Amino acid sequence: MDRLCKSYGDKAVLRDFSAVLPLGKTTSLMAPSGAGKTTLLRLLMGLEKPDSGRILGLEGLRLSAVFQEDRLCQWLSAPANIRLVNPRLEESAVEEALAAVGLAGTGGQRVEEFSGGMRRRVAILRALLAEYDLLLLDEPFRGLDEDTKALVMEDTRRRSAGRTVLLVTHDPAEAEAMAVNHLVL
């Protein structure tokens with residue numbers, strides 16, 4: 001990321017933001033609300049274009065993301081939602097992943113029947129079980145109670161170990177628990 005700028009109307013959200021993400025490590029990005037964290041992720045995903053500046057080094061990389069919204073197909077089961085991004089996953093691998101985040105035995109239910117925290121865990125697993133080179137996490141643990149958050153953070157750390165991850169969070173404890181490197185907008 002080299003001197004990225006992005007405005008919405010006359011409100012500048014990013015001004016000359018530059019950073020290099022270390023390969024194979026988790027980096028946390030912390031800043032106050034409205035500072036451009038989600039905008040930066042949207043730029044990295046190609047969902048928006050910068051007003052100026054360049055995004056370098058993403059050519060040919062496979063991206064996976066957890067958005068602030070769960071973005072699940074409500075009429076599908078948790079395993080079916082996860083397999084949307086990786087159809088080759090073995091059923092046993094999906095069941096093991098669900099069990100690891102406290103969702104054992106839920107595979108036959110449609111996600112529209114799940115609580116918000118259950119849907120959040122499915123969204124996180126869907127991103128983690130995709131084939132990716134760069135994982136973008138936008139407030140991924142929001143809405144989880146403390147015990148579930150600890151369980152899911154541990155599973156996320158384990159599954160993303162050795163991979164390049166950018167974690168956006170407001171919570172310093174999450175950043176500390178998940179990140180090796182820290183960026184501030």
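Only a predicted model underlies this, so the values are computations on that prediction, with no experimental measurement involved.
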Contact summary for Ser33 and His170, nearest pair of heavy atoms: OG-CE1, 3.4 Å
Joint cluster assignment, Phe67 & Leu44, ILVMFWY side-chain distance < 4.5 Å: yes
Shared hydrophobic cluster, Leu125 / Leu151 (ILVMFWY, side-chain heavy atoms < 4.5 Å): no
CZ on Arg159 to CD on Glu154, rounded to 0.5 Å: 11.0 Å
From CA spacing to verdict: side-chain contact (heavy atoms from CB on, under 4.5 Å), Leu137, Leu166: CA-CA 6 Å; Leu137 303 172; Leu166 179 57; over 6 Å; no
Partner residues of Thr39 under the side-chain hydrogen bond (donor to acceptor under 3.5 Å, both in side chains) criterion, sequence neighbours left out: Tyr8
Salt bridge (Lys or Arg N to Asp or Glu O under 4.0 Å) contacts touching residues 56-70 (sequence neighbours left out): Arg62-Glu131, Arg62-Asp133, Glu69-Arg71, Asp70-Arg120
Value rounded to 0.5 Å, distance of NZ in Lys49 from CD1 in Ile55: 9.0 Å
From Leu98, Val111, Leu103, residue fulfilling side chain to side chain contact (heavy atoms under 4.5 Å, CB included) relative to Met118: Leu103
Shared hydrophobic cluster, Val85 / Val94 (ILVMFWY, side-chain heavy atoms < 4.5 Å): no
Heavy-atom pair with the smallest gap, counting every atom of Ala123 and Val66: O-CG2, 3.9 Å
Contact summary for Ala127 and Leu135, nearest pair of heavy atoms: CB-CD1, 3.9 Å
4.5 Å side-chain heavy-atom contact, Leu40 and Lys37: no
Arg163 to Tyr132, cation-pi by 6.0 Å centre distance and 45° axis angle: yes
Atom CZ of Arg158 with >12 non-hydrogen neighbours under 6.0 angstrom: yes
Distance in Å, Arg126 CZ paired with Asn86 CG, rounded so as to fall on 0.5 Å steps: 12.5 Å
Residue pair Asp51 / Ser7: nearest heavy atoms and the distance that separates them: OD2-N, 2.6 Å
Show the atom names and distances, to 0.1 Å, of all donor-acceptor pairs under 3.5 Å that link a side chain in residues 72-80 to residues at least two apart or in another chain.
from	atom 1	to	atom 2	distance (Å)
Ser77	OG	Ala80	N	3.1

N/O donor-acceptor pair under 3.5 Å between Thr164 side chain and Leu134 backbone: no
Pairwise side-chain contact, Arg3 with Phe17, heavy-atom cut-off 4.5 Å (strictly under): no
Main-chain N/O of Leu144 paired to Thr148 side chain as donor or acceptor, under 3.5 Å: no
Any residue meeting side chain to side chain contact (heavy atoms under 4.5 Å, CB included) with Ala173, in chain and number order, not counting sequence neighbours: Asp171
Donor-acceptor pair, side chain of Lys6 and main chain of Ser52, under 3.5 angstrom: no
Close side-chain approach of Thr156 to Ile124, heavy-atom, < 4.5 Å: yes
Thr169 (side chain) donor-acceptor with Glu139 (main chain) under 3.5 angstrom: no
Cluster link Met45 to Leu61, ILVMFWY, side chain under 4.5 Å: yes
Contacts of type salt bridge (charged side-chain N to carboxylate O under 4.0 Å, His left out), residue Glu174, not counting sequence neighbours: Lys149
Atom pair CG/CD1 of Leu128 and Ile82 - distance to nearest 0.5 Å: 9.5 Å
Donor-acceptor contact below 3.5 Å, side chain Ser18 vs main chain Asp2: no
Met30 to Ala175 - nearest heavy-atom pair and separation: SD-CB, 3.5 Å
Val168 to Pro140 - nearest heavy-atom pair and separation: O-CD, 3.8 Å
Interatomic distance, Arg119 atom CZ to Ser115 atom OG [nearest 0.5 angstrom]: 7.0 Å
Atom pair CG (Leu47) and CG (Leu41), whose distance is rounded to the nearest 0.5 Å: 9.5 Å
CA sep, side-chain torsions, deciding dist, call: Leu167, Leu29, side-chain contact (heavy atoms from CB on, under 4.5 Å): CA-CA 6 Å; Leu167 167 70; Leu29 176 61; over 6 Å; no
Arg42: partners by side-chain hydrogen bond (donor to acceptor under 3.5 Å, both in side chains), with sequence neighbours left out: Glu48
Verdict with reasoning, Arg83 to Glu95, per salt bridge (Lys or Arg N to Asp or Glu O under 4.0 Å): CA-CA 12 Å; Arg83 281 198 188 92; Glu95 289 173 9; over 6 Å; no
Audit row: Asp16, Leu4, side-chain contact (heavy atoms from CB on, under 4.5 Å) steps and yes/no: CA-CA 5 Å; Asp16 289 324; Leu4 289 178; over 6 Å; no
